[in-house]
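Per chain, numbering begins at 1; letters A, B, ... match sequence-line order. Note that these values count all heavy atoms, side chains included, but never hydrogens, waters or copies made by symmetry.
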2 protein chains.
Amino acid sequence: MPLTRDDVVRAAVEVIDERGLAGLTLRGLATRLGISAPALYWHVTDKRHLLDLVAEHVLAQLPARRAPAPGEPVVDWLADGLRVRRAAMLAHRDSALVVAGNRPTEDAMPAIDATVAALTGAGLTPGESVRVLTALGSFLLGDVLETQAALDRPVPDTPADPRAHPHLEAAAADMGGDDERFEDGLSLMLEGLRARLAARAATGVAPV
Amino acid sequence: MPLTRDDVVRAAVEVIDERGLAGLTLRGLATRLGISAPALYWHVTDKRHLLDLVAEHVLAQLPARRAPAPGEPVVDWLADGLRVRRAAMLAHRDSALVVAGNRPTEDAMPAIDATVAALTGAGLTPGESVRVLTALGSFLLGDVLETQAALDRPVPDTPADPRAHPHLEAAAADMGGDDERFEDGLSLMLEGLRARLAARAATGVAPV
DNA sequence: AGCGGGTCCCTAACGCTGTTAGAGGCATGG
DNA sequence: CCATGCCTCTAACAGCGTTAGGGACCCGCT
């Protein structure tokens, strides 16, 4: 049975999961698939193209965006979507590096459009909605990027840090892990968003 | 006069500014400096090491972190620092890619420590302060990353988008540019932070 | 005066990468 | 029986980061 493009993409994801993005070479990938390296060029135009497909594949694995449950605050619904996206990315090594720089695929647009609709429905202007959504996306990307970068480059076993930075030292105890860090930043943004929505509601501006 | 490590780093920054990170090769850099490629290995242990130095160099170009002016709200002071950092990064092409994955240099630590001190002074716990600071850093990194990625990969002249995504279409008019996007996200996080600080002050918890 | 050691650079070469050129085998359908 | 796609092959190229090993130069010591 001949190889499909999807086989190639899936194998690439496996290689990245095992060896990291830097460990993905066309020759290695081809050998794993039992074909020769140039044969990959039949399925894919480019390594860059392959990475685009990998990014798409990783993001496509998350469940179809559910509509907000009746009575569910928009902000909570938004937060849930972000957590799902984050989980999908953290499930694959170096995914942030792969995803970074890929503008949203055409078939990711309906979900984005729906989210923008929800935000404008809650009282933001359309431009504001897009900006807020992009900001949340930037935060998510940056967070996952740093988390995964820390995995790739393990700590240099903290050589000398006696009491040069007392406040950082004090923080070490209750700093928490990656999830706490994300949740705390997220709650910051959502709190700000809630405040803004409340302000809009108070001034009685109807949703545009 | 012999070449110094700083000459090498500065030249590398120039190359990245002109040709992008992908356009930086050791051979090309060496030729620009008038030496042979292996000679670079006397000044630098590795290409990875060179990039670390470049990242350091870019971030070191920002003015020494000023202390908050008397009476200046901590949050405003924080925002100002972030804007300065963002400007420094946007001044150099692909800087986000270079900086990503570099844990803070040892001599950037005092400034971080001071900022944590300011935040705990304002009422956060030490761990909270670090998390908040990291979250702001993640947002900054993600924002710059996406901004610069958009520059590297110019738009595909929006081929087909008639009215498939009406809300996005509606947002196109007042979406604003990169700066507005950043400022909007930033104000979200800062508003959340302000709210949290206010809550702490209200419950009368003394700064730890 | 001569020697040693550090500094800064060289040429040559290795193994690896993404990628192209061009050919071939193997089905299917007219 | 031939043609047309599909899918893969071998051979090769230019370019990459990096290593091995050597050679000038200069400065301080004996």
Side-chain angles (χ1 to χ4, degrees), chain A residues 1-58 93-95 97-102 149 152-153, chain B residues 1-58 93-95 97-102 149 152-153:
Chain A
M1 201 161 88
L3 232 49
T4 72
R5 171 182 284 188
D6 231 70
D7 293 329
V8 174
V9 173
R10 259 196 301 268
V13 172
E14 286 174 21
V15 172
I16 295 177
D17 281 346
E18 293 169 12
R19 302 222 210 300
L21 178 59
L24 176 73
T25 73
L26 296 188
R27 274 176 241 259
L29 179 61
T31 317
R32 164 186 284 248
L33 288 167
I35 63 177
S36 72
L40 287 172
Y41 282 77
W42 195 90
H43 301 278
V44 145
T45 75
D46 227 311
K47 189 179 188 182
R48 180 68 245 169
H49 180 211
L50 172 61
L51 289 179
D52 288 349
L53 294 173
V54 167
E56 205 173 318
H57 181 85
V58 167
R93 182 167 167 191
D94 287 345
S95 58
L97 282 174
V98 177
V99 166
N102 280 64
D152 278 356
R153 278 224 212 179
Chain B
M1 199 160 90
L3 232 49
T4 71
R5 169 183 285 189
D6 231 69
D7 292 330
V8 173
V9 172
R10 259 196 301 268
V13 172
E14 286 174 23
V15 172
I16 295 177
D17 282 346
E18 292 168 14
R19 302 223 209 300
L21 178 59
L24 175 72
T25 73
L26 295 188
R27 275 176 241 258
L29 179 60
T31 317
R32 165 186 282 248
L33 288 167
I35 63 177
S36 73
L40 287 173
Y41 282 77
W42 195 90
H43 300 279
V44 145
T45 75
D46 226 58
K47 189 181 189 181
R48 180 67 245 171
H49 179 213
L50 172 62
L51 289 179
D52 288 349
L53 294 173
V54 168
E56 203 173 322
H57 181 86
V58 167
R93 184 168 167 190
D94 286 346
S95 57
L97 282 175
V98 178
V99 167
N102 280 62
D152 279 356
R153 278 225 212 178

Side-chain contact, heavy-atom cut-off 4.5 Å: B/Leu24 with B/Leu51?
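Yes, at least one pair of side-chain atoms sits under 4.5 Å.
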
Please examine the side chains of A/Leu50 and A/Asp46, heavy atoms only from C-beta on, and report whether any two atoms are closer than 4.5 Å.
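Counting from C-beta outward, A/Asp46 and A/Leu50 never come under 4.5 Å.
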
To the nearest Å, how far apart are [X] [atom1] and [N] [atom2]?
X       : N     : atom1 : atom2 : result
A/Leu33 : D/dT8 : CG    : P     : 9 Å
B/Trp42 : C/dC9 : CH2   : P     : 8 Å
B/His43 : C/dC9 : NE2   : C1'   : 8 Å

If you fit an axis to the five pairs at each end of the helix from C/dA1-D/dT30 to C/dG30-D/dC1, how big is the angle between those two axes, to 10 degrees?
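Axis angle across the helix from C/dA1-D/dT30 to C/dG30-D/dC1, nearest 10°: 20°.
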
Can you pull out the residues from residues 3-21 of chain B that lie within a 4.0 Å heavy-atom distance of DNA chain D?
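None - not one residue of the stretch has a heavy atom sitting under 4.0 Å from the strand.
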
About how many Å separate NE2 of B/His49 and OH of B/Tyr41, when rounded to the nearest 0.5 Å?
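With rounding to 0.5 Å, OH (B/Tyr41) is 12.5 Å from NE2 (B/His49).
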
For the NE2 atom of B/His43 and the CG atom of B/Asp7, what is their distance to the nearest 0.5 Å?
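Reported value, rounded in 0.5 Å steps: 8.0 Å.
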
Can you sort out the partners of A/Ala149 under side-chain contact (heavy atoms from CB on, under 4.5 Å), two or more places apart, ordered by chain and number?
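Result, side-chain contact (heavy atoms from CB on, under 4.5 Å) vs A/Ala149: none returned.
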
Any residue meeting side-chain contact (heavy atoms from CB on, under 4.5 Å) with A/Val98, in chain and number order, not counting sequence neighbours:
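In terms of side-chain contact (heavy atoms from CB on, under 4.5 Å), with neighbours along the sequence ignored, A/Val98 is linked to A/Ile16, A/Leu21, A/Val54, A/Ala55.
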
Partners passing salt bridge (Lys or Arg N to Asp or Glu O under 4.0 Å) against [X] (at least two apart in sequence or in another chain):
X        : result
B/Asp6   : B/Arg10
B/Asp152 : B/Arg93
A/Arg5   : none

Can you tell me if the side-chain N/O atoms of B/Ser36 get under 4.0 Å from OP1 or OP2 in C/dC9?
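So the side chain of B/Ser36 is outside the cut-off, no N or O lying under 4.0 Å from OP1 or OP2 of C/dC9.
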
Might you point out which heavy atoms bring [X] and [Y] nearest each other, and give the distance in Å?
X       : Y       : result
B/Leu40 : B/Leu26 : CD1-O, 3.3 Å
A/Leu33 : A/Leu3  : CB-CD2, 3.9 Å
A/Ala12 : A/Leu29 : N-CD1, 3.6 Å

Looking at residues at least two apart in the chain, or sitting in another chain, which of them share a side chain to side chain donor-acceptor pair (under 3.5 Å) with B/Arg32?
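Side chain to side chain donor-acceptor pair (under 3.5 Å) list for B/Arg32, sorted by chain: B/Glu14, B/Glu18.
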
Polar atom pairs between nucleotides 15-20 of chain D and protein, under 3.5 Å, N or O only, would you list them?
unit_1, atom_1, unit_2, atom_2, d
D/dC16, N4, B/Arg27, NH2, 3.4
D/dG17, OP1, B/Lys47, NZ, 2.8
D/dG17, OP2, B/Leu26, N, 2.9
D/dG17, N7, B/Arg27, NH2, 2.7
D/dG17, O6, B/Arg27, NH2, 2.7
D/dT18, OP2, B/Tyr41, OH, 2.7
D/dT18, OP2, B/Lys47, N, 3.0
D/dT18, O5', B/Tyr41, OH, 2.9

Enumerate the residues from residues 50-58 of chain B whose closest heavy atom to DNA chain C is under 4.0 Å, giving them by residue number; use none for an empty result.
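Result for residues 50-58 of chain B: none.
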
Report each atom pair, protein N/O against N/O of nucleotides 25-28 of chain D, whose distance is under 3.5 angstrom.
none

Could you note down all residue pairs passing salt bridge (charged side-chain N to carboxylate O under 4.0 Å, His left out) where residues 21-30 of chain A supplies at least one of them, sequence neighbours left out?
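Listed by first then second residue: nothing to list.
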
Counting distance only, does the side-chain N/O of A/His57 pair as donor-acceptor with the main-chain N or O of A/Leu53 below 3.5 Å?
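No: the side chain of A/His57 does not pair with the backbone of A/Leu53.
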
